[in-house]
There are 2 protein chains.
Amino acid sequence: MNLLITEDDPLHRAFLKTAVENALPECDQVFEAENGAAAVEIVKSETIDGIFMDLQMPKSNGVDAAKEIWRCFPEMRILFWSNYADEAYVRGVARIVPSGAVYGYLLKSASEDRLAFAARGIFVQDQCIIDREVRGVQQRSENTLEGLTDAEFEVLTDISLGMTDKAISARRKISTRGVQSRLKHLYEKLGLNRSVTHSDIGPVFNSRTRALTVALSRGLLNVDGLASYEMELEDWLAKK
Amino acid sequence: MNLLITEDDPLHRAFLKTAVENALPECDQVFEAENGAAAVEIVKSETIDGIFMDLQMPKSNGVDAAKEIWRCFPEMRILFWSNYADEAYVRGVARIVPSGAVYGYLLKSASEDRLAFAARGIFVQDQCIIDREVRGVQQRSENTLEGLTDAEFEVLTDISLGMTDKAISARRKISTRGVQSRLKHLYEKLGLNRSVTHSDIGPVFNSRTRALTVALSRGLLNVDGLASYEMELEDWLAKK
DNA sequence: GTCACATCTGCGGGTCCCCGCAATAGAACC
DNA sequence: GGTTCTATTGCGGGGACCCGCAGATGTGAC
(Lines give C-alpha, C1' and ligand atoms only; values in the text may rest on other atoms or scores of the structure.)
Protein backbone atom coordinates (compact mmCIF):
# COMPACT_ATOMS: atom_id res chain seq x y z
CA MET A 1 0.00 0.00 0.00
CA ASN A 2 1.26 3.47 -0.92
CA LEU A 3 0.14 6.56 0.97
CA LEU A 4 0.63 10.24 0.32
CA ILE A 5 0.96 12.93 2.96
CA THR A 6 0.05 16.44 1.86
CA GLU A 7 1.03 18.97 4.51
CA ASP A 8 2.97 22.20 4.30
CA ASP A 9 4.37 22.35 7.83
CA PRO A 10 7.54 20.18 7.94
CA LEU A 11 7.09 19.46 11.63
CA HIS A 12 3.58 18.14 11.19
CA ARG A 13 4.61 16.26 8.11
CA ALA A 14 7.36 14.42 9.95
CA PHE A 15 5.08 13.65 12.86
CA LEU A 16 2.42 12.32 10.53
CA LYS A 17 4.91 10.15 8.71
CA THR A 18 6.14 8.34 11.82
CA ALA A 19 2.60 8.06 13.13
CA VAL A 20 1.52 6.44 9.86
CA GLU A 21 4.43 4.04 9.86
CA ASN A 22 3.50 2.92 13.35
CA ALA A 23 -0.20 2.62 12.71
CA LEU A 24 0.00 0.97 9.30
CA PRO A 25 2.86 -1.51 9.17
CA GLU A 26 1.39 -2.92 5.94
CA CYS A 27 2.18 0.36 4.26
CA ASP A 28 4.97 0.01 1.69
CA GLN A 29 5.83 3.57 0.82
CA VAL A 30 4.93 7.03 2.09
CA PHE A 31 5.11 9.92 -0.36
CA GLU A 32 5.12 13.53 0.75
CA ALA A 33 3.88 16.73 -0.85
CA GLU A 34 4.05 20.18 0.63
CA ASN A 35 1.17 21.72 -1.29
CA GLY A 36 -1.89 20.82 -3.26
CA ALA A 37 -0.39 21.11 -6.73
CA ALA A 38 2.48 18.79 -5.85
CA ALA A 39 0.00 16.29 -4.43
CA VAL A 40 -1.97 16.21 -7.67
CA GLU A 41 1.21 15.53 -9.64
CA ILE A 42 2.28 12.67 -7.40
CA VAL A 43 -1.14 11.07 -7.52
CA LYS A 44 -0.99 11.13 -11.31
CA SER A 45 2.52 9.76 -11.62
CA GLU A 46 2.55 7.15 -8.84
CA THR A 47 0.04 4.56 -7.72
CA ILE A 48 -1.41 5.92 -4.52
CA ASP A 49 -3.96 4.11 -2.36
CA GLY A 50 -4.82 6.82 0.12
CA ILE A 51 -4.08 10.43 1.03
CA PHE A 52 -3.64 12.52 4.14
CA MET A 53 -4.67 16.02 3.14
CA ASP A 54 -4.10 19.17 5.14
CA LEU A 55 -6.79 21.75 4.48
CA GLN A 56 -4.91 24.95 5.33
CA MET A 57 -2.02 25.43 2.96
CA PRO A 58 -0.56 28.55 1.42
CA LYS A 59 -1.68 28.56 -2.24
CA SER A 60 -3.83 25.76 -3.61
CA ASN A 61 -5.74 24.73 -0.52
CA GLY A 62 -6.69 21.16 0.28
CA VAL A 63 -10.25 21.35 -0.98
CA ASP A 64 -9.25 22.36 -4.49
CA ALA A 65 -6.56 19.71 -4.60
CA ALA A 66 -8.98 17.02 -3.44
CA LYS A 67 -11.52 18.15 -6.02
CA GLU A 68 -9.00 17.72 -8.80
CA ILE A 69 -7.85 14.35 -7.47
CA TRP A 70 -11.37 13.01 -7.12
CA ARG A 71 -12.14 14.21 -10.63
CA CYS A 72 -9.51 11.74 -11.92
CA PHE A 73 -9.77 9.05 -9.24
CA PRO A 74 -13.31 9.11 -7.82
CA GLU A 75 -12.64 6.22 -5.47
CA MET A 76 -9.51 7.66 -3.88
CA ARG A 77 -9.57 7.49 -0.08
CA ILE A 78 -8.76 10.85 1.49
CA LEU A 79 -8.35 11.70 5.15
CA PHE A 80 -8.68 15.43 5.69
CA TRP A 81 -6.64 16.78 8.52
CA SER A 82 -7.35 20.28 9.70
CA ASN A 83 -6.77 22.76 12.50
CA TYR A 84 -10.36 23.86 12.63
CA ALA A 85 -13.85 22.52 12.23
CA ASP A 86 -14.87 25.70 10.40
CA GLU A 87 -18.15 25.38 8.62
CA ALA A 88 -16.47 26.77 5.52
CA TYR A 89 -14.16 23.76 5.38
CA VAL A 90 -16.81 21.24 6.30
CA ARG A 91 -19.13 22.57 3.63
CA GLY A 92 -16.30 22.84 1.17
CA VAL A 93 -15.42 19.19 1.65
CA ALA A 94 -19.03 17.98 1.66
CA ARG A 95 -19.63 19.80 -1.62
CA ILE A 96 -16.94 17.91 -3.51
CA VAL A 97 -16.94 14.38 -2.13
CA PRO A 98 -18.16 11.99 -4.86
CA SER A 99 -21.02 9.69 -3.91
CA GLY A 100 -19.68 6.47 -2.47
CA ALA A 101 -16.17 7.78 -1.88
CA VAL A 102 -14.41 6.88 1.36
CA TYR A 103 -13.14 9.87 3.27
CA GLY A 104 -12.47 11.12 6.77
CA TYR A 105 -12.17 14.41 8.60
CA LEU A 106 -9.92 14.66 11.61
CA LEU A 107 -8.80 17.61 13.70
CA LYS A 108 -5.12 18.17 14.36
CA SER A 109 -5.85 18.28 18.05
CA ALA A 110 -6.80 14.59 17.95
CA SER A 111 -4.59 12.23 19.91
CA GLU A 112 -2.23 9.85 18.17
CA ASP A 113 -4.57 6.98 19.07
CA ARG A 114 -7.47 8.61 17.32
CA LEU A 115 -5.28 9.32 14.35
CA ALA A 116 -4.18 5.68 14.15
CA PHE A 117 -7.76 4.49 14.50
CA ALA A 118 -9.01 6.81 11.79
CA ALA A 119 -6.19 5.86 9.43
CA ARG A 120 -6.88 2.14 9.83
CA GLY A 121 -10.60 2.71 9.46
CA ILE A 122 -10.27 4.57 6.20
CA PHE A 123 -7.33 3.00 4.45
CA VAL A 124 -7.80 -0.59 5.58
CA GLN A 125 -11.49 -1.05 6.24
CA ASP A 126 -12.85 1.48 3.76
CA GLN A 127 -14.97 3.22 6.34
CA CYS A 128 -15.75 6.91 6.59
CA ILE A 129 -14.46 8.35 9.85
CA ILE A 130 -15.62 11.83 10.79
CA ASP A 131 -14.40 13.52 13.94
CA ARG A 132 -17.19 13.99 16.45
CA GLU A 133 -16.71 17.73 16.58
CA VAL A 134 -16.79 18.00 12.82
CA ARG A 135 -19.89 15.85 12.72
CA GLY A 136 -21.53 18.36 15.03
CA VAL A 137 -20.84 21.20 12.64
CA GLN A 138 -22.10 19.08 9.75
CA GLN A 139 -25.39 18.38 11.45
CA ARG A 140 -25.85 21.95 12.53
CA SER A 141 -25.37 23.10 8.96
CA GLU A 142 -27.95 20.59 7.76
CA ASN A 143 -30.47 21.87 10.24
CA THR A 144 -32.56 24.42 8.38
CA LEU A 145 -33.34 26.42 11.49
CA GLU A 146 -29.90 27.59 12.52
CA GLY A 147 -28.02 26.43 9.44
CA LEU A 148 -28.04 28.20 6.13
CA THR A 149 -29.73 26.80 3.06
CA ASP A 150 -27.66 26.39 -0.07
CA ALA A 151 -29.28 29.45 -1.58
CA GLU A 152 -28.41 31.55 1.43
CA PHE A 153 -24.88 30.25 1.54
CA GLU A 154 -24.49 31.00 -2.12
CA VAL A 155 -25.53 34.59 -1.72
CA LEU A 156 -23.20 34.85 1.27
CA THR A 157 -20.23 33.83 -0.84
CA ASP A 158 -21.28 36.29 -3.50
CA ILE A 159 -21.38 39.28 -1.20
CA SER A 160 -18.14 38.10 0.39
CA LEU A 161 -16.56 38.68 -3.00
CA GLY A 162 -17.99 42.17 -3.01
CA MET A 163 -20.58 41.63 -5.72
CA THR A 164 -23.52 43.98 -6.23
CA ASP A 165 -27.11 42.78 -6.11
CA LYS A 166 -27.42 43.22 -9.84
CA ALA A 167 -24.33 41.15 -10.57
CA ILE A 168 -25.52 38.40 -8.25
CA SER A 169 -28.92 38.33 -9.91
CA ALA A 170 -27.26 37.92 -13.31
CA ARG A 171 -24.95 35.20 -12.06
CA ARG A 172 -27.58 33.20 -10.20
CA LYS A 173 -30.33 33.87 -12.71
CA ILE A 174 -32.87 35.33 -10.34
CA SER A 175 -34.30 38.84 -10.08
CA THR A 176 -32.58 41.47 -8.00
CA ARG A 177 -35.53 41.32 -5.67
CA GLY A 178 -34.84 37.62 -5.26
CA VAL A 179 -31.29 38.39 -4.25
CA GLN A 180 -32.51 40.82 -1.64
CA SER A 181 -34.98 38.29 -0.37
CA ARG A 182 -32.22 35.74 0.11
CA LEU A 183 -30.12 38.37 1.79
CA LYS A 184 -32.90 39.20 4.20
CA HIS A 185 -33.15 35.57 5.28
CA LEU A 186 -29.40 35.41 5.59
CA TYR A 187 -29.35 38.47 7.82
CA GLU A 188 -31.99 36.94 10.04
CA LYS A 189 -30.14 33.69 10.45
CA LEU A 190 -26.92 35.48 11.25
CA GLY A 191 -28.79 37.32 13.99
CA LEU A 192 -28.09 40.78 12.67
CA ASN A 193 -31.28 42.19 14.09
CA ARG A 194 -30.99 40.42 17.43
CA SER A 195 -27.76 42.10 18.50
CA VAL A 196 -27.50 45.65 19.76
CA THR A 197 -27.51 47.42 16.47
CA HIS A 198 -28.97 50.74 17.48
CA SER A 199 -27.68 53.52 19.64
CA ASP A 200 -28.61 57.15 20.09
CA ILE A 201 -27.07 58.00 16.74
CA GLY A 202 -29.17 55.50 14.85
CA PRO A 203 -28.19 52.14 13.40
CA VAL A 204 -24.57 51.24 14.05
CA PHE A 205 -24.24 48.46 11.52
CA ASN A 206 -24.55 48.10 7.79
CA SER A 207 -26.16 44.70 7.27
CA ARG A 208 -24.17 43.75 4.24
CA THR A 209 -20.72 44.24 5.69
CA ARG A 210 -21.79 43.18 9.17
CA ALA A 211 -22.93 39.86 7.73
CA LEU A 212 -19.38 39.29 6.52
CA THR A 213 -17.88 40.05 9.92
CA VAL A 214 -20.23 37.64 11.63
CA ALA A 215 -19.78 34.93 9.01
CA LEU A 216 -16.00 35.17 9.25
CA SER A 217 -15.86 35.09 13.02
CA ARG A 218 -18.23 32.14 13.13
CA GLY A 219 -16.16 30.24 10.61
CA LEU A 220 -18.92 30.16 8.00
CA LEU A 221 -16.42 31.75 5.67
CA ASN A 222 -12.66 31.80 5.72
CA VAL A 223 -9.99 33.53 3.75
CA ASP A 224 -8.77 30.35 2.01
CA GLY A 225 -12.25 29.81 0.71
CA LEU A 226 -12.47 33.35 -0.61
CA ALA A 227 -9.62 32.65 -3.00
CA SER A 228 -11.49 29.66 -4.44
CA TYR A 229 -14.72 31.57 -4.81
CA GLU A 230 -12.82 34.36 -6.49
CA MET A 231 -11.54 31.98 -9.13
CA GLU A 232 -15.03 30.66 -9.82
CA LEU A 233 -16.23 34.23 -10.17
CA GLU A 234 -13.48 35.02 -12.66
CA ASP A 235 -14.46 32.01 -14.76
CA TRP A 236 -18.01 33.25 -14.86
CA LEU A 237 -17.00 36.81 -15.70
CA ALA A 238 -14.78 35.56 -18.52
CA LYS A 239 -17.45 33.56 -20.27
CA LYS A 240 -20.09 36.21 -19.69
CA MET B 1 17.50 33.11 32.99
CA ASN B 2 13.86 31.99 32.74
CA LEU B 3 12.04 31.89 29.43
CA LEU B 4 8.39 31.34 28.57
CA ILE B 5 7.10 29.68 25.43
CA THR B 6 3.57 30.60 24.41
CA GLU B 7 2.36 28.37 21.61
CA ASP B 8 -0.82 26.36 21.19
CA ASP B 9 0.44 23.62 18.90
CA PRO B 10 2.13 20.93 21.07
CA LEU B 11 4.42 19.87 18.24
CA HIS B 12 5.74 23.36 17.69
CA ARG B 13 6.01 23.90 21.41
CA ALA B 14 8.18 20.84 21.88
CA PHE B 15 10.33 21.78 18.91
CA LEU B 16 10.78 25.29 20.23
CA LYS B 17 11.71 24.01 23.66
CA THR B 18 14.54 21.80 22.48
CA ALA B 19 15.71 24.49 20.08
CA VAL B 20 15.85 26.98 22.94
CA GLU B 21 17.73 24.59 25.19
CA ASN B 22 20.33 24.11 22.49
CA ALA B 23 20.66 27.76 21.59
CA LEU B 24 20.66 29.16 25.11
CA PRO B 25 22.54 26.88 27.50
CA GLU B 26 22.54 29.69 30.08
CA CYS B 27 18.79 29.34 30.32
CA ASP B 28 17.73 27.90 33.69
CA GLN B 29 14.09 27.11 33.22
CA VAL B 30 11.62 27.04 30.33
CA PHE B 31 7.95 27.60 31.13
CA GLU B 32 5.21 26.76 28.68
CA ALA B 33 1.77 28.23 28.06
CA GLU B 34 -0.69 27.11 25.44
CA ASN B 35 -2.61 30.34 25.14
CA GLY B 36 -2.38 34.04 25.83
CA ALA B 37 -4.28 34.07 29.10
CA ALA B 38 -2.10 31.34 30.60
CA ALA B 39 0.98 33.26 29.52
CA VAL B 40 -0.17 36.38 31.32
CA GLU B 41 -0.71 34.40 34.51
CA ILE B 42 2.71 32.80 34.41
CA VAL B 43 4.42 36.12 33.77
CA LYS B 44 2.71 37.56 36.82
CA SER B 45 3.47 34.65 39.14
CA GLU B 46 7.01 33.72 38.05
CA THR B 47 10.06 35.81 37.22
CA ILE B 48 10.37 35.65 33.47
CA ASP B 49 13.17 37.22 31.46
CA GLY B 50 11.90 36.70 27.94
CA ILE B 51 9.00 35.28 25.97
CA PHE B 52 8.43 33.38 22.77
CA MET B 53 4.96 34.36 21.61
CA ASP B 54 2.96 32.71 18.89
CA LEU B 55 0.62 35.15 17.18
CA GLN B 56 -2.08 32.77 15.91
CA MET B 57 -3.82 31.11 18.81
CA PRO B 58 -7.42 30.13 19.29
CA LYS B 59 -8.89 32.67 21.72
CA SER B 60 -6.76 35.46 23.17
CA ASN B 61 -4.31 36.01 20.32
CA GLY B 62 -0.67 36.88 20.84
CA VAL B 63 -1.04 40.59 20.28
CA ASP B 64 -3.57 41.04 23.06
CA ALA B 65 -1.52 38.93 25.44
CA ALA B 66 1.63 40.90 24.67
CA LYS B 67 -0.25 44.14 25.18
CA GLU B 68 -1.32 43.07 28.63
CA ILE B 69 2.16 41.82 29.52
CA TRP B 70 3.85 45.00 28.36
CA ARG B 71 1.32 47.02 30.33
CA CYS B 72 2.71 45.42 33.53
CA PHE B 73 6.31 44.82 32.44
CA PRO B 74 7.22 47.40 29.80
CA GLU B 75 10.79 46.15 29.45
CA MET B 76 9.86 42.50 28.86
CA ARG B 77 11.67 41.00 25.86
CA ILE B 78 9.27 39.29 23.48
CA LEU B 79 10.06 37.31 20.35
CA PHE B 80 6.97 37.01 18.15
CA TRP B 81 6.80 33.85 16.15
CA SER B 82 4.24 33.65 13.41
CA ASN B 83 3.19 31.71 10.34
CA TYR B 84 2.60 34.80 8.26
CA ALA B 85 3.97 38.26 7.70
CA ASP B 86 0.44 39.60 7.37
CA GLU B 87 0.28 43.33 7.54
CA ALA B 88 -2.45 42.98 10.12
CA TYR B 89 -0.06 41.25 12.51
CA VAL B 90 2.86 43.52 11.76
CA ARG B 91 0.74 46.60 12.34
CA GLY B 92 -0.84 45.05 15.40
CA VAL B 93 2.54 44.41 16.97
CA ALA B 94 3.99 47.77 15.99
CA ARG B 95 1.01 49.49 17.55
CA ILE B 96 1.59 48.05 21.01
CA VAL B 97 5.35 47.82 21.46
CA PRO B 98 6.41 50.31 24.17
CA SER B 99 9.18 52.74 23.24
CA GLY B 100 12.57 51.25 24.02
CA ALA B 101 11.28 47.70 24.45
CA VAL B 102 13.30 44.86 22.96
CA TYR B 103 11.35 42.61 20.65
CA GLY B 104 11.68 40.44 17.60
CA TYR B 105 9.50 39.06 14.82
CA LEU B 106 10.37 35.75 13.23
CA LEU B 107 8.52 33.58 10.76
CA LYS B 108 7.95 29.92 11.51
CA SER B 109 9.51 29.04 8.19
CA ALA B 110 12.85 30.32 9.48
CA SER B 111 15.63 27.75 9.86
CA GLU B 112 16.77 26.59 13.27
CA ASP B 113 19.95 28.63 12.82
CA ARG B 114 18.01 31.82 12.29
CA LEU B 115 15.88 30.96 15.28
CA ALA B 116 18.95 30.45 17.47
CA PHE B 117 20.52 33.65 16.22
CA ALA B 118 17.38 35.66 16.87
CA ALA B 119 16.94 34.20 20.34
CA ARG B 120 20.51 35.04 21.36
CA GLY B 121 20.20 38.51 19.85
CA ILE B 122 17.08 39.35 21.78
CA PHE B 123 17.45 37.58 25.10
CA VAL B 124 21.23 37.89 25.54
CA GLN B 125 22.25 41.01 23.68
CA ASP B 126 19.06 43.02 24.00
CA GLN B 127 18.79 43.70 20.30
CA CYS B 128 15.68 43.91 18.18
CA ILE B 129 15.70 41.24 15.48
CA ILE B 130 13.11 41.54 12.73
CA ASP B 131 12.85 38.95 9.99
CA ARG B 132 13.81 40.40 6.63
CA GLU B 133 10.45 39.50 5.11
CA VAL B 134 8.59 41.13 7.97
CA ARG B 135 10.78 44.17 7.68
CA GLY B 136 9.70 44.43 4.05
CA VAL B 137 6.07 44.50 5.03
CA GLN B 138 6.83 47.07 7.72
CA GLN B 139 8.53 49.42 5.28
CA ARG B 140 5.87 48.99 2.68
CA SER B 141 3.23 49.95 5.20
CA GLU B 142 5.22 53.05 6.12
CA ASN B 143 5.40 54.10 2.51
CA THR B 144 2.53 56.51 1.97
CA LEU B 145 2.16 55.70 -1.70
CA GLU B 146 1.21 52.05 -1.56
CA GLY B 147 0.74 51.75 2.17
CA LEU B 148 -2.29 52.98 4.06
CA THR B 149 -2.16 55.95 6.37
CA ASP B 150 -3.33 55.45 9.92
CA ALA B 151 -6.56 57.26 9.12
CA GLU B 152 -7.26 54.97 6.20
CA PHE B 153 -6.39 51.89 8.17
CA GLU B 154 -8.67 53.03 10.97
CA VAL B 155 -11.62 53.42 8.65
CA LEU B 156 -10.81 50.03 7.14
CA THR B 157 -11.08 48.36 10.53
CA ASP B 158 -14.34 50.18 11.15
CA ILE B 159 -16.02 48.99 7.98
CA SER B 160 -14.60 45.52 8.61
CA LEU B 161 -16.74 45.49 11.75
CA GLY B 162 -19.74 46.43 9.64
CA MET B 163 -20.15 49.96 10.94
CA THR B 164 -22.16 52.59 9.07
CA ASP B 165 -20.65 55.89 7.99
CA LYS B 166 -22.61 57.69 10.65
CA ALA B 167 -21.38 55.44 13.43
CA ILE B 168 -17.79 55.79 12.25
CA SER B 169 -18.11 59.55 12.16
CA ALA B 170 -19.35 59.54 15.76
CA ARG B 171 -16.60 57.22 16.91
CA ARG B 172 -13.75 58.99 15.14
CA LYS B 173 -15.16 62.45 15.69
CA ILE B 174 -15.22 63.60 12.11
CA SER B 175 -18.12 64.43 9.81
CA THR B 176 -19.78 61.71 7.74
CA ARG B 177 -18.37 63.43 4.71
CA GLY B 178 -14.93 63.02 6.24
CA VAL B 179 -15.55 59.31 6.61
CA GLN B 180 -16.50 59.05 2.97
CA SER B 181 -13.44 61.00 1.98
CA ARG B 182 -11.20 58.57 3.86
CA LEU B 183 -13.06 55.68 2.29
CA LYS B 184 -12.51 57.08 -1.15
CA HIS B 185 -8.76 57.22 -0.58
CA LEU B 186 -8.85 53.71 0.83
CA TYR B 187 -10.66 52.40 -2.24
CA GLU B 188 -8.10 54.02 -4.49
CA LYS B 189 -5.15 52.50 -2.65
CA LEU B 190 -6.75 49.07 -2.69
CA GLY B 191 -7.05 49.43 -6.45
CA LEU B 192 -10.82 48.97 -6.59
CA ASN B 193 -11.17 51.15 -9.65
CA ARG B 194 -8.19 49.63 -11.44
CA SER B 195 -9.55 46.09 -11.61
CA VAL B 196 -12.21 44.92 -14.03
CA THR B 197 -15.23 46.17 -12.19
CA HIS B 198 -17.61 46.71 -15.05
CA SER B 199 -19.31 44.36 -17.43
CA ASP B 200 -22.31 44.62 -19.71
CA ILE B 201 -24.65 44.59 -16.75
CA GLY B 202 -22.97 47.53 -15.05
CA PRO B 203 -20.67 47.62 -12.05
CA VAL B 204 -19.97 44.16 -10.63
CA PHE B 205 -18.58 45.22 -7.29
CA ASN B 206 -19.80 47.11 -4.29
CA SER B 207 -16.80 49.13 -3.12
CA ARG B 208 -17.45 48.72 0.57
CA THR B 209 -17.61 44.95 0.67
CA ARG B 210 -15.07 44.54 -2.11
CA ALA B 211 -12.60 46.51 -0.03
CA LEU B 212 -12.94 43.89 2.69
CA THR B 213 -12.31 41.02 0.30
CA VAL B 214 -9.20 42.67 -1.05
CA ALA B 215 -7.93 43.64 2.40
CA LEU B 216 -8.42 40.11 3.70
CA SER B 217 -6.74 38.39 0.79
CA ARG B 218 -3.80 40.78 0.94
CA GLY B 219 -3.37 40.19 4.65
CA LEU B 220 -4.15 43.79 5.59
CA LEU B 221 -6.83 42.38 7.85
CA ASN B 222 -7.24 38.97 9.37
CA VAL B 223 -9.89 37.24 11.33
CA ASP B 224 -7.93 37.19 14.61
CA GLY B 225 -7.63 40.93 14.40
CA LEU B 226 -11.36 41.32 13.86
CA ALA B 227 -12.03 39.85 17.28
CA SER B 228 -9.76 42.43 18.92
CA TYR B 229 -11.32 45.31 17.02
CA GLU B 230 -14.74 44.02 17.97
CA MET B 231 -13.85 44.24 21.65
CA GLU B 232 -12.61 47.80 21.28
CA LEU B 233 -15.84 48.67 19.52
CA GLU B 234 -17.90 47.18 22.33
CA ASP B 235 -15.99 49.23 24.87
CA TRP B 236 -16.78 52.36 22.92
CA LEU B 237 -20.43 51.43 22.48
CA ALA B 238 -20.75 50.77 26.20
CA LYS B 239 -19.42 54.11 27.34
CA LYS B 240 -21.31 55.96 24.63
C1' DG C 1 -57.51 18.16 -5.28
C1' DT C 2 -55.94 21.26 -1.88
C1' DC C 3 -53.60 22.67 1.85
C1' DA C 4 -49.46 24.25 3.85
C1' DC C 5 -44.95 25.91 3.27
C1' DA C 6 -41.09 27.92 1.09
C1' DT C 7 -39.26 30.74 -2.53
C1' DC C 8 -39.31 34.16 -5.99
C1' DT C 9 -41.28 38.45 -8.09
C1' DG C 10 -42.87 43.44 -8.81
C1' DC C 11 -43.86 47.90 -6.70
C1' DG C 12 -42.84 51.70 -3.88
C1' DG C 13 -40.49 54.37 -0.67
C1' DG C 14 -37.05 55.37 2.76
C1' DT C 15 -32.21 55.20 3.82
C1' DC C 16 -27.50 54.75 3.06
C1' DC C 17 -23.50 55.02 0.20
C1' DC C 18 -20.43 56.99 -3.47
C1' DC C 19 -18.52 60.90 -5.48
C1' DG C 20 -17.59 65.49 -8.09
C1' DC C 21 -17.03 70.23 -6.98
C1' DA C 22 -15.60 74.02 -4.34
C1' DA C 23 -14.28 76.12 -0.03
C1' DT C 24 -11.78 75.82 4.34
C1' DA C 25 -8.33 74.66 7.92
C1' DG C 26 -3.94 73.11 9.23
C1' DA C 27 1.14 71.74 8.72
C1' DA C 28 5.67 72.19 6.63
C1' DC C 29 8.83 74.82 4.35
C1' DC C 30 11.10 78.89 2.35
C1' DG D 1 3.87 86.40 5.52
C1' DG D 2 3.34 83.39 1.43
C1' DT D 3 3.15 78.94 -0.87
C1' DT D 4 2.04 74.26 -1.37
C1' DC D 5 0.17 70.04 0.02
C1' DT D 6 -2.96 67.27 2.46
C1' DA D 7 -7.12 66.42 5.16
C1' DT D 8 -11.67 67.78 6.13
C1' DT D 9 -16.27 69.87 5.33
C1' DG D 10 -20.85 71.13 3.09
C1' DC D 11 -23.84 70.62 -0.84
C1' DG D 12 -26.19 68.03 -4.08
C1' DG D 13 -27.39 64.28 -7.01
C1' DG D 14 -27.48 59.64 -8.67
C1' DG D 15 -27.37 55.05 -7.61
C1' DA D 16 -27.39 51.03 -4.59
C1' DC D 17 -29.38 48.73 -0.81
C1' DC D 18 -33.07 47.34 2.67
C1' DC D 19 -37.65 46.13 3.41
C1' DG D 20 -42.95 45.74 3.91
C1' DC D 21 -46.72 44.21 1.23
C1' DA D 22 -49.08 41.47 -1.95
C1' DG D 23 -49.29 38.21 -5.58
C1' DA D 24 -47.31 34.25 -8.26
C1' DT D 25 -44.98 29.85 -8.57
C1' DG D 26 -43.45 25.41 -7.09
C1' DT D 27 -43.14 21.28 -4.00
C1' DG D 28 -44.51 17.75 -0.96
C1' DA D 29 -48.10 15.69 2.25
C1' DC D 30 -52.49 13.94 3.06
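Chain letters run A, B, ... following the sequence lines, proteins first, then strands; residues in each count from 1.
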- Note down the inter-axis angle between the two ends of the helix from C:dT9-D:dA22 to C:dC30-D:dG1, five pairs each, to the nearest 10°. 40°

- Can you find a side-chain donor-acceptor pair between A:Glu230 and B:Ser217 that sits under 3.5 Å? no

- Message: Check the orientation of A:Tyr105 and A:Phe80. Use parallel for under 30°, tilted for 30 to 60°, and perpendicular for over 60°.
- Response: tilted

- Item | Whole-Å distance separating the CZ atom of A:Phe205 from the C1' atom of C:dT15 | 18 Å

- B:Glu68 side chain to B:Ala65 main-chain N or O, any donor-acceptor pair under 3.5 Å? no

- Do A:Asp64 and A:Ser228 meet the criterion of a side-chain donor-acceptor pair at a distance under 3.5 Å? yes

Sub-3.5 Å pairs of nitrogen or oxygen atoms, protein against nucleotides 17-19 of chain D:
residue : atom : partner  : partner atom : Å
D:dC17  : OP1  : A:Asp165 : N            : 3.4
D:dC17  : OP2  : A:Asp165 : N            : 3.3
D:dC18  : OP1  : A:Tyr187 : OH           : 2.9
D:dC18  : OP2  : A:Arg208 : NH1          : 3.2
D:dC19  : N4   : A:Arg177 : NE           : 3.3
D:dC19  : N4   : A:Gln180 : OE1          : 3.1

- Can you name the ring pair (Phe, Tyr, Trp, His ring centres under 6.0 Å) partners of A:Phe123, sequence neighbours left out? A:Phe52

Please list each protein N or O that sits under 3.5 Å from an N or O in nucleotides 23-25 of chain D, with the distance.
none

- Could you give the CG-to-P distance, from B:Leu186 to C:dC17, as a whole number of Å? 15 Å

- Item | Whole-Å distance separating the CD1 atom of B:Ile168 from the C1' atom of C:dC16 | 12 Å

- Establish, from distance only, whether the side-chain atoms of A:Tyr89 and A:Asp224 form a donor-acceptor pair under 3.5 Å. yes

- Does B:Arg182 have a side-chain nitrogen or oxygen under 4.0 Å from the phosphate oxygens OP1 or OP2 of D:dT8? yes

- Query: Between atom NE2 in B:His185 and atom P in D:dC5, what is the gap in whole Å?
  - Reply: 15 Å

- Indicate yes or no for a side-chain donor-acceptor contact from A:Asn206 to the backbone of B:Met163 under 3.5 Å, with no hydrogens or angles considered. no

- Message: Rounding to an integer number of Å, can you tell me how far B:Glu152 CD sits from D:dT6 C1'?
- Response: 11 Å

- Query: Separation of B:Ile174 atom CD1 from D:dG10 atom P, in whole Å?
  - Reply: 11 Å

- CD1 of A:Ile159 versus C1' of D:dA16: gap in Å, rounded? 14 Å

- Task: Name all residues meeting the side chain to side chain contact (heavy atoms under 4.5 Å, CB included) criterion together with A:Ala94; count only those two or more places apart in sequence or in a different chain, and write none if there are none.
- Result: none

- Item | Rounded interatomic separation in angstrom, taking NZ from A:Lys189 and C1' from C:dA6 | 11 Å

- Note on the structure: Here the pair of heavy atoms bringing A:Leu226 nearest to A:Ser160 is CD2-OG, 3.3 Å

- Is A:Thr164 reaching over with its side chain to a backbone N or O of B:Pro203, donor-acceptor style, under 3.5 angstrom? yes

- Have a look at A:Ser181 and say if it touches a base, only the backbone sugar-phosphate, or nothing, with a 4.0 Å heavy-atom cut-off. base

- Return the set of residues passing side chain to side chain contact (heavy atoms under 4.5 Å, CB included) with A:Val63 (not counting sequence neighbours), or none when no residue passes. A:Leu55, A:Asn61, A:Val93, A:Ile96

